[in-house]
Amino acid sequence: MIMLQTGECRGVELGAKLGRIFSRTKIVELCLKAVELHVHLDGAIRIKTIIDVAKRRGIPLPVRDEDKMRDLCKVHEPTTLTEFLGKFNHYMHVIAGDREAIKRIAYEFVETKAKEGVIYVEARYSPHLLANKGVNPIPWDQKPGDITPDDVVDLVNQGFKEGEKAFNIKARSILCCMRHMPNWSMDVVELCKKYSKDGVVAIDLAGDESLNCKAYPEHRRAFEEAVRSEVHRTVHAGEVGPASVVKEAVEVLKAERIGHGYHTIECEELYKKLLKQNMHFEMCPVSSRLTGACDPDFTKHPLITFKKDKANYSLNTDDPTIFDSTLNSDYQVVQKYMDFTEEEFKRLNINAAKSCFLPANEKKELLNQIYKAYGMQQSTSF
């Protein structure tokens with residue numbers, strides 16, 4: 001077994017044989033110039049923070065010991081998406097509905113990403129899942145309070161802005177609609193519009209992929225409004241669901257990026273079409289193994305096909321608290337098991353920057369920063 005050390009994390013146990021490698025130091029250097037586009041704020045909360053906030057608020061936890069709590073929240077072996085989602089039940093009620101906690105997790109998120117070497121990150125979350133007012137039903141069995149979804153966005157923005165100043169990276173938000181809560185979706189797009197000049201760069205749709213837009217037309221209406229209002233769009237699709245979910249995301253919801261998208265390759269016609277369109281796929285290798293989205297053998301991962309075909313994709317952590325990982329873990333995985341080269345790491349980060357949802361002028365600045373860090377001219381092609 002191979003144990004990948006990950007700072008505060010304990011690592012991800014992996015069992016496949018090593019592929020062609022270059023130095024681990026080089027991997028770390030490439031991580032120091034990374035762009036991350038798919039990571040959930042509520043899946044990236046420090047265990048110590050959960051314990052601290054629970055103590056301050058007088059909220060009982062299943063365990064108080066930090067190592068035991070980390071172990072409880074972690075997915076240890078490949079499982080199902082349902083079991084993975086159940087991990088949030090251990091701690092979300094601690095953070096939700098508390099102004100200080102919401103702002104703290106946002107600030108600490110930026111600090112964590114800065115320490116990982118990320119220079120630009122788009123973090124996604126559902127503002128409704130952190131609220132306790134103006135949301136029906138109130139999540140996590142909370143008592144009614146005074147924090148609306150709008151307040152949540154403002155608090156996250158405050159934490160991100162303070163973190164940006166302190167740690168010299170750029171962080172933006174993507175607001176998530178939830179497939180099982182279609183009545184929230186129009187609220188989400190309105191929040192995206194309200195905060196489009198203040199930290200929020202896109203809308204997302206997350207959750208059970210079997211709940212399609214034909215059965216839940218509120219999601220389609222929200223994304224139609226996003227198109228009309230020039231709000232950028234990404235959609236979780238093809239993670240555990242079939243290629244048809246990706247097709248719906250692109251054709252019905254007008255997604256500009258696909259979250260995960262592994263099962264796209266099962267429909268050759270769709271896959272080739274999206275390759276031609278240069279669709280960006282937000283890949284999360286460690287996540288995909290532990291949620292059961294892909295074969296647990298990394299040497300059979302769909303990402304290998306995406307790499308071979310020079311697809312437009314990024315590498316991301318998804319929910320590092322639950323997967324006990326960092327971006328470095330995902331980089332090490334693909335380097336060791338999928339034969340990634342230094343040039344491929346550079347290519348994917350440039351593609352990530354090109355596919356981010358920043359305004360054109362800020363995107364240009366980000367690309368300049370990456371090309372300079374890589375010692376490349378902007379005209380360089382792969």
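Model, not experiment: these values are computed from the prediction.
- Side-chain atoms of R104 and D98, non-hydrogen and from C-beta on, never get closer than 4.5 Å to each other.
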Derivation of the salt bridge (Lys or Arg N to Asp or Glu O under 4.0 Å) call for R172 and E362
CA-CA 12 Å; R172 296 292 183 267; E362 294 183 57; 3.4 Å; yes
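- W184 and P137 get closest at one heavy-atom pair: CZ2-O, 3.8 Å.
- Listed for the E239 side chain is no donor-acceptor partner under 3.5 Å among the backbone atoms of Y262.
- Using a 4.0 Å cut-off between charged side-chain N and carboxylate O, K254 and E224 make no salt bridge.
- No side-chain heavy atom of W140 sits less than 4.5 Å from a side-chain heavy atom of I95.
- A donor-acceptor pair is defined here as one N or O able to donate and one able to accept, closer than 3.5 Å; such a pair exists between the side chain of K87 and the backbone of L72.
- With contacts defined as side-chain heavy-atom distances shorter than 4.5 Å, the pair K133/I147 does not qualify.
- For K273 and E268, the salt-bridge test fails: no basic side-chain N is under 4.0 Å from an acidic carboxylate O.
- Salt bridge absent: D52 and R46 never bring a charged side-chain N and a carboxylate O closer than 4.0 Å.
- Taking 4.0 Å as the cut-off between side-chain N and carboxylate O, E225 and R221 do not count as a salt-bridged pair.
- Between Q369 and I119, some side-chain heavy-atom pair lies under the 4.5 Å cut-off.
- When every heavy atom of P302 is checked against every heavy atom of I265, the shortest pair comes out as CB-CD1, 3.7 Å.
- Not a single donor-acceptor pair under 3.5 Å links the side chain of E266 to the backbone N or O of S244.
- Between D208 and H180, the side chains place no donor N or O within less than 3.5 Å of an acceptor N or O (distance only, hydrogens not considered).
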CA sep, side-chain torsions, deciding dist, call: K354, I350, side-chain contact (heavy atoms from CB on, under 4.5 Å):
CA-CA 6 Å; K354 289 179 177 178; I350 291 168; 3.7 Å; yes
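- Proximity of a side-chain donor or acceptor of D319 to a complementary backbone N or O of T321 within less than 3.5 Å is not detected.
- With hydrogens and angles disregarded, no donor-acceptor distance shorter than 3.5 Å links the side chain of S229 to the backbone of A226.
- The minimum heavy-atom distance linking A171 with V110 is given by the pair CB-CG2, 4.0 Å.
- Proximity of E36 to K113: side-chain heavy atoms (C-beta onward) are separated by under 4.5 Å at one or more points.
- Partner of R233 under the side-chain contact (heavy atoms from CB on, under 4.5 Å) criterion, out of V227, L205, V250: V227 alone.
- Comment: K165 does not engage E162 in a salt bridge, judged by the lack of any side-chain N to carboxylate O separation of less than 4.0 angstrom.
- Across every non-hydrogen atom of S185 and C177, the tightest pair is OG-CB, 3.4 Å.
- Taking the six-membered ring for Trp and the full ring otherwise, the centers of F340 and Y331 sit at least 6.0 Å from each other.
- No donor-acceptor pair under 3.5 Å is formed between the side chain of S355 and the backbone N or O of A352.
- How far CG of L130 is from OH of Y125: 8.0 Å, rounded to the nearest 0.5 Å.
- For the pair K74 and D67, the salt-bridge criterion is not met [side-chain N within less than 4.0 Å of a carboxylate O].
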Evaluate the side-chain contact (heavy atoms from CB on, under 4.5 Å) criterion for residues V333 and F298: first the C-alpha distance (whole Å), next the side-chain angles of each, then the deciding distance (0.1 Å), finally the verdict.
CA-CA 8 Å; V333 160; F298 279 125; 3.7 Å; yes
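- Electrostatic pairing of D146 and R99 counts as a salt bridge here, judged by a charged N lying under 4.0 Å from a carboxylate O.
- Using a 4.0 Å cut-off between charged nitrogen and carboxylate oxygen, E343 and R347 do not count as a salt-bridge pair.
- Residues A293 and H263 share a closest heavy-atom pair of O-NE2, 2.9 Å.
- Looking at S173 and E122, their side chains never bring a donor and an acceptor atom within 3.5 Å of each other.
- For the pair K346 and Y374, the distance from NZ or CZ to the six-membered ring centre is under 6.0 Å and the angle to the ring normal is within 45 degrees.
- When the side chains of ILVMFWY residues are joined at heavy-atom separations under 4.5 Å, either directly or via intervening members, M178 and L211 end up in two distinct hydrophobic clusters.
- Using a 3.5 Å distance cut-off with no hydrogens or angles, the side chains of D71 and H76 do pair a donor with an acceptor.
- Ring centers of F306 and Y271: under 6.0 Å apart, within the cut-off.
- N328 places no side-chain N or O within 3.5 Å of a backbone atom of E116 that could act as its donor or acceptor partner.
- At least one donor-acceptor pair closer than 3.5 Å links the side chain of Y91 to the backbone N or O of D42.
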Assess the residue pair C284 and T317 against the criterion (side-chain contact (heavy atoms from CB on, under 4.5 Å)); give the C-alpha distance rounded to whole Å, side-chain angles, the decisive distance to 0.1 Å, and a yes or no.
CA-CA 6 Å; C284 310; T317 56; over 6 Å; no
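- Atoms CG and NZ, on D187 and K194 in that order, are 12.0 Å from each other to the nearest 0.5 Å.
- For the 3.5 Å distance criterion, the side chains of D154 and Q158 qualify, holding a donor opposite an acceptor.
- For E248 (side chain) and C213 (main-chain N/O), a donor-acceptor pair under 3.5 Å exists by modelled atom type.
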Please evaluate residues N312 and M279 with respect to the criterion side-chain contact (heavy atoms from CB on, under 4.5 Å), reporting the C-alpha separation (whole Å), side-chain torsions for both, the decisive distance (0.1 Å), and the verdict.
CA-CA 6 Å; N312 178 9; M279 176 61 67; over 6 Å; no
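- Classified by interplanar angle (parallel below 30°, tilted 30° to 60°, perpendicular above 60°), the ring pair H219/Y216 is tilted.
- Donor-acceptor pairing under 3.5 Å is lacking for the side chains of N349 and S314.
- Although no hydrogens or angles enter the test, the distance criterion places no donor-acceptor pair under 3.5 Å between the side chain of T291 and the main chain of T80.
- Aromatic rings from H236 and H40 are positioned such that their centres are separated by under 6.0 Å.
- Within the 4.5 Å cutoff, no side-chain heavy atoms of F223 are placed close to those of V252.
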Working note: K193 + E190, criterion salt bridge (Lys or Arg N to Asp or Glu O under 4.0 Å); need CA distance, chi angles, decisive distance, verdict.
CA-CA 5 Å; K193 289 161 62 177; E190 290 302 318; 3.2 Å; yes
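- Y195 and D150 share a side-chain donor-acceptor pair at under 3.5 Å.
- Between V153 and P127, the shortest heavy-atom contact is CG2-CB, 3.9 Å.
- Looking at D318 and H38, their side chains do bring a donor and an acceptor atom within 3.5 Å of each other.
- Considering CG of D330 and CD of Q335, their distance stands at 13.0 Å, rounded to 0.5 Å.
- Between K247 and C267, every side-chain heavy-atom pair lies at or beyond the 4.5 Å cut-off.
- The closest side-chain donor-acceptor pair between S288 and H301 falls under 3.5 angstrom.
- Qualifying side-chain contact (heavy atoms from CB on, under 4.5 Å) partners for T234, counting only residues two or more places apart in sequence or in other chains: R124, I174, D204, R257, E282, F357.
- By the criterion of side-chain heavy atoms lying less than 4.5 angstrom apart, applied directly or through intervening Ile, Leu, Val, Met, Phe, Trp or Tyr residues, V245 is not grouped with M283; the two fall into different hydrophobic clusters.
- The side-chain contact (heavy atoms from CB on, under 4.5 Å) test with K363 is passed by exactly one of L367, N361, L366: L367.
- Between L315 and L348, some side-chain heavy-atom pair lies under the 4.5 Å cut-off.
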